[in-house]
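Okay, so here's the structure we're looking at.
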Amino acid sequence: MNQLMNIENILQDAVIGGIKELYNTDVDSSQITLQKTKKEFKGHYTLVTFPLLKISKKNPEQTAQEIGTYLAAHSAVIADFNVIKGFLNLTISSSVWADLLNQINQDPEFGIVAPADDAPLYMVEYSSPNTNKPLHLGHVRNNLLGHSLCEVLKANGKKVVKTNIVNDRGIHICKSMLAWQKWGNGETPESSGKKGDHLIGDYYVLFDKNYKAELAELQSQGLTKEEAENQSVLMNEAREMLRKWESGDEEVVTLWSTMNSWVYTGFDETYKKLGVSFDKIYYESQTYLAGKDEVLRGLKEGLFYQQEDSSVWADLTSYGLDHKILLRSDGTSVYMTQDIGTAKLRFDDYPIDTMIYVVGNEQIYHFQVLSILLDILSFEFGKGLVHYSYGMVELPEGKMKSREGTVVDADDLVEEMVNTARETSAELGKLDDCTPEEANEIARMIGLGALKYFILKVDPKKNMTFNPKESIDFNGNTGPFIQYTHARIKSILRKAEIQGIEIPETLSTGISLSEKEEGLVQLVSEFQAIVKQAGEEYNVSLIGNYVYELAKEYNQFYHDYQILKEEDVAVRDFRIVLSKNVALTIQKGMKLFGIEVPERM
RNA sequence: GGCGCGGUAGUUCAAUGGAUAGAAUAGAAGUUUCCUAAACUUUAGAUUUGGGUUCGAUUCCCAGCCGUGCUACCA
């Protein structure tokens with residue numbers, strides 16, 4: 001048996017064994033309710049006996065008493081127990097915590113499960129930008145969730161392919177191209193000093209501005225809104241450009257590649273700043289035809305139907321859904337068609353066991369339909385696809401609206417966070433003995449740590465409010481608070497080294513831990529359990545709160561023990577901090593977040 | 001209209017169907033200037049409403065209210 005398994009599992013097995021012995025009944029682990037003992041009661045873990053009453057056929061107190069007595073007598077793990085109402089509070093013996101701590105300490109890969117050869121392969125799609133505008137705050141949540149999800153899966157022994165689908169074709173990019181052609185005077189990222197994605201985004205806005213002006217002009221001549229939209233010269237030119245692109249017109253395609261390459265350079269910079277990356281990138285320009293082929297095959301096989309205007313539709317009424325268009329009357333493809341094509345290519349490329357799409361919750365319907373369509377087209381992976389959806393990010397001032405210009409640009413946001421971090425640290429005099437380079441690096445880590453932690457600590461499925469100012473506070477449930485804790489730990493270690501304090505490799509066995517020390521080890525081991533569990537539940541925010549718990553406990557601990565005193569310091573390596581007896585690993589958790597941890601700040 | 005998602009202290013977030021619903025932050029009162037810290041202690045403050053299931057419901061079910069998203073030949 002793996003000694004590293006957490007104490008909860010050991011307890012669970014002990015309880016199952018005890019019930020078998022006492023009541024001659026087999027129970028499975030789902031019937032065992034074990035939870036952390038509330039801090040106002042004595043004990044570490046609590047068994048709730050109510051679900052077991054049918055088996056014991058006794059009242060809650062008696063049942064708890066019997067199981068407690070049995071466990072204390074038969075399990076080396078249990079040092080003591082007490083019963084309050086139907087709750088059996090179990091105290092784990094100190095030596096178990098000490099042993100656990102030694103195991104944690106000796107395993108540099110603690111909490112990480114290496115992937116087996118036959119481990120399931122997860123492909124995770126995230127980010128999914130359009131090439132007509134820069135990334136914004138919503139993309140930041142997407143990227144951080146997607147990336148964290150991949151890291152959690154990897155830590156749980158899964159094979160992971162991180163992928164991105166770039167929406168690089170369609171009318172939107174033609175709008176930018178057209179505006180650039182008309183009014184750009186050959187401007188390039190080099191000539192203007194603008195980041196490529198911002199440059200293109202500016203032309204997209206410019207198109208929209210002129211298009212709106214044109215519509216207003218036409219409407220003032222007495223046309224209806226619809227008529228104006230149909231007669232718009234600009235829009236018709238953009239449509240014409242899309243047709244040329246689809247037919248491979250050399251000039252248009254060349255312009256398209258040039259402008260997209262500017263955007264990609266810009267995206268790469270943003271991704272690098274955010275610390276996210278991809279193993280394989282798909283482009284819709286390369287997948288949409290495959291989707292079209294699949295739809296046409298479906299039509300031929302009678303799975304879909306065609307209307308008189310020759311548009312192709314799927315009838316999903318038997319699934320309780322509506323009719324869904326798959327090919328327009330002019331034969332061009334829609335979003336759904338492209339996703340079908342992309343899915344096909346992906347499954348041709350990789351032996352994917354589970355496909356996960358990290359996409360906002362406004363597209364729940366889309367992925368519901370995609371799943372059904374893939375299934376209809378007899379792709380076996382269709383049914384099992386996972387739409388990992390998340391809520392919107394709002395600001396304290398309200399919702400982001402592109403029309404009202406209240407969209408927060410990702411690059412601007414990162415810059416602002418880093419600047420705020422620099423200012424705050426400088427004000428507190430923390431950067432005084434740093435070189436400018438060091439100060440910049442520290443500001444970068446704090447700024448990004450604040451952003452990442454604030455976004456990841458919230459339950460993904462909920463809408464959230466991002467408050468830049470609160471996120472960067474050195475106190476409270478924030479990234480900087482955790483980083484700061486780490487920096488202080490490092491400071492202690494530096495001082496310990498200067499004082500020539502020896503760090504023992506392991507704790508001596510039979511050592512007696514204080515209650516608080518036991519609590520710390522408990523937190524560490526629970527954290528490990530949750531990291532593992534989280535891989536299955538995809539609950540990143542839970543991990544966030546536990547990392548915070550650890551940091552908070554450390555602070556309290558530090559306070560109580562005054563561990564700077566020479567004889568109290570007993571620390572082994574950089575990952576771990578100790579007081580008299582207890583070490584605490586926190587860097588692993590922070591790595592999961594991709595939050596970098598400064599050594600001083 | 002139909003469908004989906006959400007509704008917890010002033011605010012931002014927690015709570016596998018379990019004990020007195022936790023934190024943080026802002027507020028109030030007090031102690032302090034020691035650790036890489038304006039910190040520490042104390043205090044006040046919340047489950048949208050009405051039913052149901054259960055020994056027990058923030059959690060599950062039904063209905064209402066509020067918010068939000070989807071319901072495009074946009075992506």
Name the pairs: protein N/O against N/O of nucleotides 72-75 of chain B, kept only if under 3.5 Å.
unit_1	atom_1	unit_2	atom_2	d
B:C73	O3'	A:Arg328	NE	3.1
B:C73	O2	A:Ser329	N	3.3
B:C73	O2	A:Ser329	OG	3.3
B:C73	N3	A:Ser329	OG	3.1
B:C73	N4	A:Asp309	OD2	2.1
B:C74	OP2	A:Arg328	NE	2.8
B:C74	OP2	A:Arg328	NH2	2.7
B:C74	O3'	A:Arg328	NH2	3.4
B:A75	OP1	A:Arg328	NH2	3.0
B:A75	OP2	A:Tyr335	N	3.1
B:A75	O3'	A:Asn167	OD1	2.9
B:A75	O3'	A:Asn167	ND2	2.7
B:A75	O3'	A:Glu284	OE1	3.3
B:A75	O2'	A:Asn130	OD1	3.2
B:A75	O2'	A:Asn167	ND2	2.7

Could you write out each protein N or O paired with an N or O of nucleotides 56-58 of chain B at a distance under 3.5 Å?
none

> Listed by chain and number, what are the salt bridge (charged side-chain N to carboxylate O under 4.0 Å, His left out) partners of A:Glu284, not counting sequence neighbours?
Replying inline: none
> Partners of A:Gln65 by side chain to side chain donor-acceptor pair (under 3.5 Å), sequence neighbours excluded?
Replying inline: none
>> Suppose we screen for salt bridge (charged side-chain N to carboxylate O under 4.0 Å, His left out). Which residues come up paired with A:Asp339, at least two apart in sequence or across chains?
In response: none
Collect all protein-nucleotide pairs involving nucleotides 21-23 of chain B in which both atoms are nitrogen or oxygen and the distance is under 3.5 Å.
unit_1	atom_1	unit_2	atom_2	d
B:A23	OP1	A:Lys39	NZ	3.0

Listing time: all N or O pairs from protein to nucleotides 5-8 of chain B that are below 3.5 Å?
unit_1	atom_1	unit_2	atom_2	d
B:G7	OP1	A:Lys462	NZ	3.3

> With sequence neighbours left out, what residues match A:Ser310 under side chain to side chain donor-acceptor pair (under 3.5 Å)?
Replying inline: none
> A:Asn89 and A:His44: side-chain hydrogen bond (donor to acceptor under 3.5 Å, both in side chains), yes or no, with the steps?
Replying inline: CA-CA 7 Å; A:Asn89 300 322; A:His44 297 110; over 6 Å; no
> Quick one: salt bridge (charged side-chain N to carboxylate O under 4.0 Å, His left out) partners of A:Lys58, sequence neighbours excluded?
Replying inline: A:Glu66
> What pairs with A:Thr478 under side chain to side chain donor-acceptor pair (under 3.5 Å), at least two apart in sequence or on another chain?
Replying inline: none
>> What is the separation between atom CG on A:Asp459 and atom C1' on B:U59, rounded to the nearest whole Å?
In response: 13 Å
>> Let's test your reading of the pairing rules: Watson-Crick or G-U wobble, both distances under 3.5 Å, then write RNA chain B as a dot-bracket string with ( ), [ ], | and dots.
In response: (((((((..((((....[...)))).(((((.......)))))....(((((..]....))))))))))))....
Taking distance alone, no hydrogens or angles, what donor-acceptor pairs closer than 3.5 Å link side-chain atoms of residues 319-327 of chain A to residues at least two apart or in another chain?
unit_1	atom_1	unit_2	atom_2	d
A:His323	ND1	A:Tyr305	OH	2.7

